[in-house]
*Asks:* 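Let me begin by handing over the structure; questions about it come next.
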Amino acid sequence: MGEKTFYVTTPIFYVNAKPHIGHAYPTLVADTLTRFYRQRGVDSYFLTGTDEHGINIERAAAARGVALTKHVDEIVDEFKTAFAPLGIEYDQWIRTTDPGHEAAVAKLWRILDERGHIYKSRYEGWYCPNCNEFKEVDEKTSDLVCPTHERPLERLAEESYFFRLSAFQEPLLDHYAKHPEFVQPDVRRNEVISFVAGGLKDLSISRVSVKWGIPVPGDPKHTIYVWFDALSNYITALGWGTDEHQKFARYWPALHLVGKDILRMHAVYWPAFLMGAGIELPRTVYAHGMLLRGGQKMGKSLGNAIDLGVLKRHFAPDLIRYFLLREVAFGQDGEMTYEALIDRSNSDLADGLGNLASRTLTMVRNYFDGHPPRLRNEEQSETEDVSSRIEEAKRRFDEEFVALNFSRGLEAAWAGIARVDKFITDNQPWKLAKDPARRAQLESVLATAYEALRHLVLLVAPALPATSREIWNQMELAGDPLTIDPNKAVWGEPIEVSKIDRISPAFPKLDKGKIMAEIENENAAPVSEGVEAEDGGGKQAGNESAGLQAGMPALPEVPALPGPPATQIITIDDFAKVELRAATVLEAEKVPKADKLLRLIVDLGEPQPRQILAGIAQHYAPEEIIGRKIIVVANLAPRKLRGLESNGMLLAASVGEDGKPVLATFTEDVPNGARLK
RNA sequence: GGCGGCGUAGCUCAGGUGGUUAGAGCGUGGGAUUCAUAACCCCAAGGUCGGAGGUUCAAGUCCUCCCGCCGCUACCA
């Protein structure tokens, strides 16, 4: 290990959703990495936590009729409770409501202000409370819903402080160029560079209409933008900006694990803030992929979410962790299904590592009365290959884990396991055991197998902390495998061992049919356990990047209370302003050079047919829409799109993940121009 | 539309700077074995390496075009 210290962070989780596998994923990875470095003697620190400010939290608490602090406390507890059984051992759980954090964020603000990176202006535009982001939408034509959430946007016209993000375009590009490791994987770096090269606008970093947050220093009617608040956690947690900044000096800069959906905040905004304040940038922002099911993001609306509650009831924590590390290429999207989980468990863990331990220990117990034979220095050309393969596995494992290629690292370890299995089969110790004359050979074979297993268990310990300890104990070895550096374990060195007697499978074989049936039963009759619920609405349930509020769904239904007011209530007068009319499509054609646009000529019962444009070209061919009866918003302000004027908007349902449009129509004949009310 | 990436055995994927019979794991089929969680070990698929051209003595591996996916971004809804 070259590094002197290691500091890893997960996104901090936005407390308006229940914990789910999407939160657990980067957290398990961070935990594994921390164990990996720590096992190798690197001074390591693992930070996770919760993001608790913002308008959404404010509203959710209000909807529940609960005090804000009580509300967030309860949800934080839920997160901690959900993570505990997964074997996650973080060093610190930061909360953005921690007083120390709030003070340090204010300090960061003051520094940026003093250095001239902040100015006061006025913001007018549309805001998505789910993203906590301002959206650029065209109000004349838009539905005014957030493109990622399909939730209504909110109109904001208020005084706001701005961060001079635009001034950091060149410094950022320069940094990306000089530090290719700063944004990973490469694909993501390309995206970030392309985004920044496209020009940066100054960033609104305060809100006056939000109270639940950190006040702007010197201007308390403003509240600091939640992302500014949240991102700062990575340094405030270490005591930056306070008298207690030893950890900051010791551990910064960090490896930030983030979901690819919140990459921009981490790879553009965050380093710009830090540059502005003259603080060293993170070492790496690594964007991991999303967990998929059936090729699609997990989500309740699709009914395909993998549920933490179900996972915990049926599968061991080590298996969940191993699966995510081994099956999913970190940095790429990955499929996660219960079936695949069971298959991995059976083939890799039960038949692989588990069975190797089992057969080795059983023979030691049966042939050597439980006392593992040790290697002798005599000729053992046959075993030399085994030891060199194990060393190779160790070397590759470390190389890949440092590069965050967990899947490949584990592959290397398993190649080592296969080599030992083959060695045992080739040498047939069960036959040697029947011939007293070949006792020495038997000893050599089992000593080699046992020694190889010792090294392999050490190697995989960060990925299988609980079960590696279990196997280690069954091997009757002294100490804790998670505190022994595999690279310092010497082949054949003297070790402390006691008599082996209790042997039991560390990874019992899983009955796929049975487990799948059980899971299906549960899905049919959902068990009410807090941690498993996804949100009630929106398309973005389960899988969004853990935390930092990138599209976290709103709080799930609270018992005995109606759901939070995700939609604005309007009066009948508001509705009356909208003039909906029946119409018939007379002509339709694709608009050149536009992916989604169809140009329609519609009969609204008016003297002249109208031209309207509709963004449905990806789902409706012009010919299949001609002649259809549709519903049009007739009094929408005219709008030019692609140089063509649109005089109205057709109505369509937005269905599914990608908002596929389905045209609204009538089942009975309706004259053109008939008003809907 | 712009930028980036992908498309290799049933499935998931490896295949720096072009060069022997294109690989691995899983699944499947056959064999061998019995120490072990019916596990392990051995053998097998004969895959137009998305399609079409081109460069080259030689191309999954370079170039051009096309098709199909995906991401970011713009436009749009």
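The figures here come from the full heavy-atom set of this structure, side chains too, leaving out hydrogens, waters and symmetry mates. Proteins come first, then strands; the chains are lettered A, B, ... in the order of their sequence lines, and each starts at number 1.
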*Asks:* How far does the P atom of B:G60 sit from the matching atom of B:U33, given to the nearest Å?
*Replies:*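 About 42 Å, rounded to a whole number of Å.
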*Asks:* Dump every N/O contact between nucleotides 9-13 of chain B and the protein below 3.5 Å, one line per pair.
*Replies:*
none

*Asks:* Would B:G60 be called syn or anti here, given the cut-off of 90° from 0?
*Replies:*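 What B:G60 shows is a syn base, its glycosidic angle lying within 90° of 0.
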*Asks:* If you assign each of A:Asp348 and A:Ile424 to its closest nucleotide in RNA chain B, which residue comes earlier from the 5' end?
*Replies:*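 Upstream on the strand: A:Asp348.
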*Asks:* Sticking with atom C1', work out how far B:G16 lies from B:A77, rounded to a whole angstrom.
*Replies:*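 It comes out at 44 Å once rounded to the nearest Å.
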*Asks:* Report yes if the distance between the aromatic ring centroids of A:Phe315 and A:Phe323 is under 6.0 Å, otherwise no.
*Replies:*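 Ring-ring flag for A:Phe315/A:Phe323: false, centres at least 6.0 Å apart.
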*Asks:* Reckon A:Arg408 has a side-chain N or O less than 4.0 Å from the OP1 or OP2 of B:G15?
*Replies:*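 For B:G15, OP1 or OP2 has a side-chain N or O of A:Arg408 closer than 4.0 Å.
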*Asks:* Say you pick atom P in B:G29 and the same atom in B:U20; how far apart are they, in whole Å?
*Replies:*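 The same atom, P, in both gives a distance of 34 Å.
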*Asks:* Can you pull every protein N or O that's under 3.5 Å from an N or O on nucleotides 4-8 of chain B?
*Replies:*
{"from": "B:G4", "atom 1": "O2'", "to": "A:Asn190", "atom 2": "ND2", "distance (Å)": "3.3"}

*Asks:* Just to be sure I follow the notation: if a pair is Watson-Crick (purine N1 to pyrimidine N3 plus N6-O4 or O6-N4) or a G-U wobble (N1-O2 and O6-N3), each under 3.5 Å, what dot-bracket string does RNA chain B give, with | for pairs to another strand?
*Replies:* (((((((..((((.....[...)))).((((.........)))).....(((((..]....))))))))))))....
*Asks:* Measure centre to centre between the rings of A:Tyr322 and A:Trp414, then say whether the value is under 6.0 Å.
*Replies:*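 Yes, they do, as the ring centres are separated by less than 6.0 Å.
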*Asks:* Identify, with sequence neighbours excluded, every residue that meets side-chain hydrogen bond (donor to acceptor under 3.5 Å, both in side chains) alongside A:Gln428.
*Replies:*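 side-chain hydrogen bond (donor to acceptor under 3.5 Å, both in side chains) list for A:Gln428, sorted by chain: A:Lys431.
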*Asks:* Give me each pair satisfying ring-ring contact (aromatic ring centres under 6.0 Å, His included) with a member in residues 433-456 of chain A, each pair once, sequence neighbours excluded.
*Replies:*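 Qualifying pairs, neighbours excluded: A:His455-A:Trp491.
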*Asks:* Can you tell me, in whole Å, how much space there is between the C1' of B:A59 and that of B:U64?
*Replies:*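 15 Å, rounded to whole Å.
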*Asks:* Give a yes or no on whether the backbone of A:Ala350 and the side-chain of A:Asn355 come within a donor-acceptor separation of less than 3.5 Å.
*Replies:*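 The answer is no, because no donor-acceptor pair under 3.5 Å joins these two groups.
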*Asks:* Could you tell me which residues satisfy side-chain hydrogen bond (donor to acceptor under 3.5 Å, both in side chains) with A:Gln332, sequence neighbours excluded, listed by chain and number?
*Replies:*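 A:Gln332: no side-chain hydrogen bond (donor to acceptor under 3.5 Å, both in side chains) contacts found.
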*Asks:* Spell out, as yes or no, whether a donor-acceptor pair under 3.5 Å connects the side chain of A:Ser444 to the backbone of A:Ala440.
*Replies:*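 No.
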*Asks:* May I ask you to list the residues of residues 467-477 of chain A, by number, that have any heavy atom positioned under 4.0 Å from an atom of RNA chain B?
*Replies:*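 Nucleic-acid contacts, sorted: none.
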*Asks:* Is there a salt bridge (Lys or Arg N to Asp or Glu O under 4.0 Å) between A:Arg374 and A:Glu451 once you walk through the steps?
*Replies:* CA-CA 8 Å; A:Arg374 294 302 288 165; A:Glu451 180 65 356; 2.8 Å; yes
*Asks:* Tell me every residue that passes side-chain hydrogen bond (donor to acceptor under 3.5 Å, both in side chains) with A:Ser407, counting only those two or more places apart in sequence or in another chain.
*Replies:*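 Expected list: A:Arg326.
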*Asks:* Check ring-ring contact (aromatic ring centres under 6.0 Å, His included) between A:Phe401 and all other residues, then give those that pass, not counting sequence neighbours.
*Replies:*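 In terms of ring-ring contact (aromatic ring centres under 6.0 Å, His included), with neighbours along the sequence ignored, A:Phe401 is linked to A:Phe36, A:Phe397, A:Phe406.
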*Asks:* How far does the C1' atom of B:C65 sit from the matching atom of B:G25, given to the nearest Å?
*Replies:*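 Their C1' atoms lie roughly 36 Å apart.
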*Asks:* Write down the protein N/O and nucleotide N/O pairs, taken from nucleotides 37-41 of chain B, whose separation is under 3.5 Å; answer none if there are no such pairs.
*Replies:*
{"from": "B:U37", "atom 1": "O2", "to": "A:Phe507", "atom 2": "O", "distance (Å)": "3.4"}
{"from": "B:U37", "atom 1": "O2", "to": "A:Lys509", "atom 2": "N", "distance (Å)": "3.4"}
{"from": "B:U37", "atom 1": "N3", "to": "A:Phe507", "atom 2": "O", "distance (Å)": "2.8"}
{"from": "B:U37", "atom 1": "O4", "to": "A:Gly354", "atom 2": "O", "distance (Å)": "3.4"}
{"from": "B:U37", "atom 1": "O4", "to": "A:Ala506", "atom 2": "N", "distance (Å)": "3.4"}
{"from": "B:U37", "atom 1": "O4", "to": "A:Phe507", "atom 2": "N", "distance (Å)": "3.4"}
{"from": "B:A39", "atom 1": "OP1", "to": "A:Lys509", "atom 2": "NZ", "distance (Å)": "3.4"}
{"from": "B:A39", "atom 1": "O5'", "to": "A:Lys509", "atom 2": "NZ", "distance (Å)": "3.0"}
{"from": "B:A39", "atom 1": "O2'", "to": "A:Asp351", "atom 2": "O", "distance (Å)": "3.4"}
{"from": "B:A39", "atom 1": "O2'", "to": "A:Asn355", "atom 2": "OD1", "distance (Å)": "3.3"}
{"from": "B:A39", "atom 1": "O2'", "to": "A:Asn355", "atom 2": "ND2", "distance (Å)": "2.5"}
{"from": "B:C40", "atom 1": "O2'", "to": "A:Arg359", "atom 2": "NH1", "distance (Å)": "2.9"}
{"from": "B:C40", "atom 1": "O2'", "to": "A:Asp421", "atom 2": "O", "distance (Å)": "3.4"}
{"from": "B:C40", "atom 1": "O2'", "to": "A:Thr425", "atom 2": "OG1", "distance (Å)": "2.9"}

*Asks:* With A:Phe507, which residues qualify under ring-ring contact (aromatic ring centres under 6.0 Å, His included), at least two apart?
*Replies:*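 None.
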*Asks:* Are any of the side-chain nitrogens in A:Lys394 or A:Glu391 under 4.0 Å away from the carboxylate oxygens of its partner?
*Replies:*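 Salt bridge flag = yes for A:Glu391 with A:Lys394.
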*Asks:* Looking at A:Tyr286, is A:Arg188 sitting on its ring face, NZ or CZ under 6.0 Å from the six-membered ring centre and within 45 degrees of the normal?
*Replies:*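 Pair A:Arg188/A:Tyr286 does not count as cation-pi.
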*Asks:* Applying side-chain hydrogen bond (donor to acceptor under 3.5 Å, both in side chains), can you list everything that pairs with A:Glu518, at least two apart in sequence or on another chain?
*Replies:*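 For A:Glu518 the side-chain hydrogen bond (donor to acceptor under 3.5 Å, both in side chains) partners, ignoring immediate neighbours, are A:His314.
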*Asks:* How long is the gap from CD1 on A:Ile342 to CG on A:Leu510, to the nearest 0.5 Å?
*Replies:*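 With rounding to 0.5 Å, CD1 (A:Ile342) is 6.0 Å from CG (A:Leu510).
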